[in-house]
Amino acid sequence: MSALVTTPNIPDPDGFYADLIAAQDHMTDDEASAFAARLVLILSNHIGDREVLAQAIHAAAQHVRGG
Amino acid sequence: MFHDRYQLAFKLYPYARSADQDADAPVRHPVVVMGGGPIGVATALDLGLQGIPVVLLDDHEGIGQGSRAICFAKRTLEISARYGCAAPMLDKGVVWNLGKVFHDDRKVFEFNLLPEDGHRFPAFINLQQPYFEKFLVERVREAQAQGAPIELRGRNRVTNAQVHDDHVALDIETPDGPYSIEADWLIGCDGASSPLRGMMGLDFEGRVFQDSFLIADIRMDGDFPTERWFWFEPHFKSGASTLLHKQPDGIWRVDFQIGWDIDRKEELKEENIRRRLDAMLGEGVEYELVWTSIYTFQCRRMKKFRHGRVIFAGDSAHQVSPFGARGANSGMQDVDNLGWKLGLVIAGKAPEALLDSYDAERAHGADENIRNSTRATDFITPKTKMSHVFRNAVLGLAEDYEFARPLVNSGRLSVPCTYDGLPLNGPDALPGGPPRTRPGSACPDAPIAGGYLLDWLGGDFVLLTLNAEAPETLEEAGIGMRRVALTGAEDAAGLLAERYLGDAPSAVYLIRPDQHVAARWDRFDETAVRAALHTACTLETA
Ligand SMILES: Cc1cc2nc3c(=O)[nH]c(=O)nc-3n(C[C@H](O)[C@H](O)[C@H](O)COP(=O)(O)OP(=O)(O)OC[C@H]3O[C@@H](n4cnc5c(N)ncnc54)[C@H](O)[C@@H]3O)c2cc1C
């Protein structure tokens, strides 16, 4: 069974995070949600493993309270 | 007074007084079919062609005006071919393969159904539902002339059904007043709002979709190609989505998604319909409105399709959204599934338990159809702001990236259901055999010398042998099996081998009367074949 990676896996986390936020710099809220949706779809296709995707969806859904 | 609920496109079974109406006591019939839509008529045809007397009761004298279904799938044509009425459907129908999907004013992508070679029938034809029904009724007339014991009674409205352990008592309203009959078996084909379900107090649960769709069937000489065009949020603003699809006789189906809170009467005014159409077609395009209607829909099914001596088929048992063309197409698979089983039970060759497999197999089919049509509907009519954002993200990406195209869902078109893991399936003992012909599958067609494979299958149990020996006929518990022997010599194109042998050098298939695979082996083993027949007919083991 393939498992969702939940330990740190991104080299240069601060750089990645800055890129993620910078990409939305000049976006309205609507544009930013569309951006986020596109990003999810692009990444999901890259992962391409239904089991991992299911775990990721579950993990994200668990955090509703945390926002 | 006897009131009609709708106007007719074709008057095909005018009311005629039946001897039953003058009988002293209610006359008993082996099978009564309630409802003469496509599913009821096909049921009468299936049983009548087996020589089983059937009485069909419909509360009108023919087929209602207005085409609901327009897309009929290959499997429906194959089933119709078994009944002997596929030829006029194919003649009249429009064959199409190309679909285009638009978002706003941009083409997102196009798809080709790319029908596989070597099938007698195309993946789909478009045909107005009244024609489909008319060809079925014409076949009934022909079968009657050849002695098939089928009776169609128009303007016979069932008003009450009393269900007993071994029969059903029916009260019927006619223009000459009421009368009663009895049925050993009652098949409820009385449509989505099934009065029979109501009379029996049965459930029909599922989801209502909060959206309305305006259908306009228009006749125009316009030079639109024979393709399925689907717009999400079209630039011409005539609906939240719009579908354009060709039908025979120069008629086009236009389907606008117009929202939930609408004034139906206002929307159905000709000038308002024309305003939407003009915006879509552009100025100066001449057309005639042939039929218009507003529909809403639900995805739901009965918990059980069999209730003792009453069996439900078609829309009365399950209802889906039109996206995917799974309504009439799945109803035809119900008929195909039920016909031979009821035939064996009435002949006393199989126990009533065989009919529970109708429930198991077709409920499985209904669930698959509801799942597919619900998913398409959720994509077409997103329910929340964020699901709308995701939907449009898919459409946007699909223009540039191939990966997003399979996510675009404007309806997954009907394909036959495979009865995986259900009780009638026997062993899959063909190492290297293709997955598509595993037990439970509908047999795919293949060209063979002088015709097509499916012409040889169906109606009874068949032992299909490929490069294998077997007796020409075999009988088990009074049920016959007929061998169809094929080798490479009949398979010039190699498609039979591809679809039925895979990597195996030889194969023996036990095929049910509805052309579904019951079991398969690499060679003939008499004990195994007899056991598989027992399983396929739920016979007590000897
Ligand atoms: C807009 C739209 C588009 C569609 N497109 C497609 C498509 O492209 N492909 C597809 O496969 N399906 C499609 N469908 C679905 C298809 O139309 C139905 O699945 C099909 O008509 C069901 O057939 P039926 O025989 O079960 O029921 P019905 O066609 O509803 O027939 C029921 C019959 O029972 C009769 N009846 C009712 N009450 C009584 C009574 N008390 N006594 C006697 N008779 C009675 C009625 O008069 C009627 O003749 C579409 C549906 C809609 C609304």
Side-chain angles (χ1 to χ4, degrees), chain A, chain B residues 101-111 207 230-235 237 240-241 259 367-368 371-372 374-412 415 418 420-421 435:
Chain A
M1 187 175 114
S2 4
L4 179 71
V5 178
T6 55
T7 50
N9 194 34
I10 303 176
D12 181 19
D14 290 349
F16 156 74
Y17 195 78
D19 284 352
L20 182 64
I21 301 304
Q24 307 166 46
D25 257 357
H26 302 288
M27 292 185 193
T28 62
D29 281 355
D30 282 352
E31 285 164 351
S33 355
F35 160 82
R38 283 195 298 275
L39 189 62
V40 166
L41 293 166
I42 290 168
L43 294 175
S44 298
N45 184 65
H46 184 83
I47 292 165
D49 180 329
R50 283 279 279 114
E51 222 168 82
V52 173
L53 291 170
Q55 292 170 51
I57 290 171
H58 180 76
Q62 289 290 301
H63 266 265
V64 173
R65 270 177 312 120
Chain B
V101 176
F102 303 86
H103 186 203
D104 197 354
D105 59 353
R106 297 178 306 278
K107 185 168 91 181
V108 174
F109 73 106
E110 59 182 61
F111 61 87
R207 256 178 83 184
F230 193 97
W231 285 264
F232 292 97
E233 304 177 326
H235 59 98
K237 309 277 181 225
S241 69
D367 286 342
E368 186 173 294
R371 187 165 58 245
N372 276 288
T374 301
R375 287 174 175 176
T377 310
D378 282 339
F379 192 86
I380 294 166
T381 65
K383 300 293 167 301
T384 63
K385 183 155 182 259
M386 199 58 200
S387 63
H388 190 209
V389 168
F390 266 104
R391 200 279 303 275
N392 284 0
V394 168
L395 293 173
L397 290 169
E399 276 178 68
D400 297 327
Y401 297 105
E402 212 181 301
F403 89 80
R405 291 173 196 161
L407 297 173
V408 175
N409 190 348
S410 66
R412 303 278 181 232
V415 286
T418 300
D420 277 323

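Quick note on labels: first sequence line is chain A, next is B, and so on, each numbered from 1.
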For residues 9-19 of chain A, which side-chain donor-acceptor pairs fall under 3.5 Å, sequence neighbours excluded?
{"unit_1": "A:Asp12", "atom_1": "OD1", "unit_2": "A:Gly15", "atom_2": "N", "d": "3.0"}

Put together the list of donor-acceptor pairs under 3.5 Å connecting chain A with chain B, please.
{"unit_1": "A:Asp30", "atom_1": "OD1", "unit_2": "B:Lys385", "atom_2": "NZ", "d": "3.4"}

**Asked** Among all residues two or more places apart in sequence or in another chain, which pass the side-chain contact (heavy atoms from CB on, under 4.5 Å) test with A:Ala56?
**Response** A:Leu4
**Request:** For B:Ala393 and A:Ala34, work out which heavy atoms get closest and say how close.
**Result:** CB-O, 4.4 Å
**Asked** Residues in ring-ring contact (aromatic ring centres under 6.0 Å, His included) with B:Phe109, at least two apart?
**Response** none
